[in-house]
Asks: 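Here it is, the structure, as structure tokens.
No hydrogens, no waters, no symmetry mates; every other heavy atom, side chains included, goes into these values. All residue numbers refer to positions in the sequence shown, counting from 1. Indexing begins at 1, ligand by ligand and atom by atom, following the structure's order.
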Amino acid sequence: MSQPVGQEQIWERLRDVYDPELHRSIVDLGMVGEVTVDGDHVRVLIKLTVAGCPLKAEIQRRVSTALAELPGIESVMVSLDTMTDEERAAARETVSPGISKPSPFAEDGVGTTVVAVASGKGGVGKSSVTANLAVALAATGRTVGLLDADVYGYSIPRMMGVQRQAVMVDDLMLPVEAFGVRIMSIGFLTEEDSPVIWRGPMLHKALTSFVAETYWDDPDFLLVDLPPGTGDVSLSVAQLLPRAALLVVTTPQLAAQRVARRAAMMAHRVDLPVVGVLENMSGFVAPDTGHRYDVFGSGGGEQLASELGRPLIGQIPLEPSVAEAGDAGTPLVAAGNGSPAADALRGAADRLLDELAAMARANGASGSLEHTSADTS
Ligand SMILES: Nc1ncnc2c1ncn2[C@@H]1O[C@H](COP(=O)(O)OP(=O)(O)OP(=O)(O)O)[C@@H](O)[C@H]1O
Ligand SMILES: [Mg+2]
């Protein structure tokens, strides 16, 4: 016979249960209500931050599993309730005391390395590359945020297979997590496929909320999927994320250089350094013959890289699986099928880490980019 389980043991156990979105103990967040122990049976009331929380089943599962492991517990019943406004405000204060800074990523000594993915023209694969790099970085054990700054043409929700709205806790937006990546997109706030018609100041306001009023929780990396070209959004992003480095995506087409160069000019104008160039859609290797076809020409990435005096951090082949994976909502590197494009994307993520670390060393940055070289695995 084991000892009867006491309240203290239960609470201690619950302290190790984390909210999946807030990444904090449910006890510290004030989510645990009444706990009743009746012999080997426990009943726990969990107060969700919002009614209809999309992760309530997961929270319930975490609580049940944690308590069921206690010796002397035979059954666990978890019932759900919703926090009052006061409780919610307190929880919000716990995770993020008074965010009122215009940008948490602009401060000195922030630990997040920000990389904005840019291109001179549309359709070169920025979003696909950004989604895959984010997933590849997260797979190395780093914490990664993905900000979809393509307000008009957002595609990240679909590519990352997210179909739900973002949850708000008080005035704080919670990123939606998929493949280990914390994602925020305008697509989580609007009805699907409804056109976004914000202009100028509204646009800046929306991006500011994405940066400052979103609970990013200090990720190691924040990747930003920019819209094509050098419009208002890019300028706003540069202003909100003044420590960002740009990763320029281009196709191998030499004629694309003029447009890609525009991205480089933007980098100059907004005073963001370029970390490197990534060539996408570099040749198609026929799976049956192994013959390589340079569908979009060749040499564009190399040429742009040398023009910018920055490294070519990768060449991602043109491969139908990249598009198929994106359409299916599972980025290719997460599908784990060992395709040449998936390998190239993982290689590019590694190279990106190296270049960011080198850049930080060259800048003599104390800490801010330095951790990128740390091996967390
Ligand atoms: N390496 C690749 N091989 C095959 N298809 C690809 C590859 N990279 C991207 N694609 C496909 O090309 C199309 C455009 O890609 P994506 O949407 O990522 O580009 P983008 O630069 O973000 O476009 P936009 O400028 O509209 O934001 C998508 O259908 C995508 O699936
Ligand atoms: Mg895009």
Asks: Around atom CD of Glu69, are there more than 12 heavy atoms from other residues, nucleotides or ligands closer than 6.0 Å?
Replies: yes
Asks: Please determine if Gly153 has a nitrogen or oxygen closer than 3.5 Å to a nitrogen or oxygen of ligand 1.
Replies: no
Asks: Mind checking whether Leu45 and Ser79 have side chains closer than 4.5 Å, heavy atoms only?
Replies: yes
Asks: Please indicate whether any nitrogen or oxygen in Gly122 is less than 3.5 Å from any nitrogen or oxygen in ligand 1.
Replies: no
Asks: For Arg61, which residues count as a side chain to side chain donor-acceptor pair (under 3.5 Å) partner, sequence neighbours excluded?
Replies: Glu58
Asks: Do Leu278 and Val129 come close enough that some side-chain heavy atom pair is under 4.5 Å?
Replies: yes
Asks: Is it true that Arg164 and Glu21 make a salt bridge, defined as a side-chain N closer than 4.0 Å to a carboxylate O?
Replies: yes
Asks: Could Arg62 and Asp19 be called an ion pair, given the rule that one side-chain N must be under 4.0 Å from one carboxylate O?
Replies: no
Asks: Has ligand 1 got any nitrogen or oxygen that is less than 3.5 angstrom from a nitrogen or oxygen of Asn280?
Replies: yes
Asks: Give the residue and atom name of whichever protein heavy atom lies nearest to atom 7 (C) of ligand 1, and the separation in Å to one decimal.
Replies: Val322 CG1, 3.5 Å
Asks: Using distance alone, decide if ligand 1 has a nitrogen or oxygen within less than 3.5 Å of any nitrogen or oxygen in Lys126.
Replies: yes
Asks: So, is Leu318 polar-close to ligand 1, with some N/O to N/O distance under 3.5 Å?
Replies: no
Asks: Find out whether Glu302 and Glu307 are in side-chain contact, i.e. whether some heavy atom of one side chain is under 4.5 Å from a heavy atom of the other.
Replies: no
Asks: What are the protein N/O/S atoms, named by residue and atom, that sit under 2.8 Å from the Mg ion (ligand 2)?
Replies: Ser127 OG
Asks: In terms of residue, atom name and distance, what is the protein heavy atom nearest to atom 10 (N) of ligand 1?
Replies: Met281 CE, 3.7 Å
Asks: For residues Leu223 and Leu147, determine if any side-chain heavy atom of one lies less than 4.5 Å from a side-chain heavy atom of the other.
Replies: no
Asks: With heavy atoms of Pro228 as the reference, note each atom of ligand 1 found under 4.0 Å away.
Replies: 25 (O)
Asks: Are any of the side-chain nitrogens in Asp217 or Arg24 under 4.0 Å away from the carboxylate oxygens of its partner?
Replies: yes
Asks: Are Arg346 and Asp343 within salt-bridge range, i.e. N to O under 4.0 Å?
Replies: yes
Asks: Flag the pair Arg182 / His23 as yes when at least one side-chain heavy-atom distance between them is below 4.5 Å, and no otherwise.
Replies: yes
Asks: Has ligand 1 got any nitrogen or oxygen that is less than 3.5 angstrom from a nitrogen or oxygen of Asp225?
Replies: no
Asks: Protein heavy atom under 4.0 angstrom of atom 23 (O) of ligand 1, is there one?
Replies: yes
Asks: So if I count the atoms of ligand 1 from 1 in the order they appear, which ones are less than 4.0 Å from some heavy atom of Asp150?
Replies: 27 (O)
Asks: Please say yes or no: joined through hydrophobic side-chain contacts below 4.5 Å, possibly via intermediate residues, are Leu55 and Val95 part of one cluster?
Replies: no
Asks: Above 12 or not: heavy atoms from other molecules or residues under 6.0 Å from CZ of Arg43?
Replies: no
Asks: Before accepting this row, confirm whether a basic side-chain N of the pair Asp171/Arg92 lies closer than 4.0 Å to the acidic partner's carboxylate O.
Replies: yes
Asks: Is atom 13 (C) of ligand 1 less than 4.0 angstrom from some protein heavy atom?
Replies: no
Asks: Can you sort out which atoms of ligand 1 are near Met159, meaning under 4.0 Å from one of its heavy atoms?
Replies: 17 (O), 18 (O)
Asks: For the 3.5 Å polar cut-off, considering only N or O atoms, please tell me whether Glu319 and ligand 1 meet it.
Replies: yes
Asks: Report yes or no: does Gly123 have a heavy atom closer than 4.0 Å to ligand 1?
Replies: yes
Asks: So between Ser282, Ala323, Pro227, whose heavy atom ends up nearest atom 31 (O) of ligand 1?
Replies: Ala323
Asks: Are any non-hydrogen side-chain atoms of Phe188 and Pro175 less than 4.5 angstrom apart?
Replies: no
Asks: Note the single closest protein heavy atom to atom 19 (O) of ligand 1, along with its residue, its atom name and the distance in Å.
Replies: Gly125 N, 2.9 Å
Asks: Return the residue, atom name and 0.1 Å-rounded distance of the protein heavy atom closest to atom 18 (O) of ligand 1.
Replies: Ser128 OG, 2.5 Å
Asks: Does Leu203 reach the side chain of Val233, with side-chain heavy atoms less than 4.5 Å apart?
Replies: yes
Asks: Taking atom 28 (C) of ligand 1 as the reference point, report whether a protein heavy atom occurs under 4.0 Å from it.
Replies: no
Asks: When only distance counts, is Pro317 in polar contact with ligand 1, meaning an N/O pair under 3.5 Å?
Replies: yes
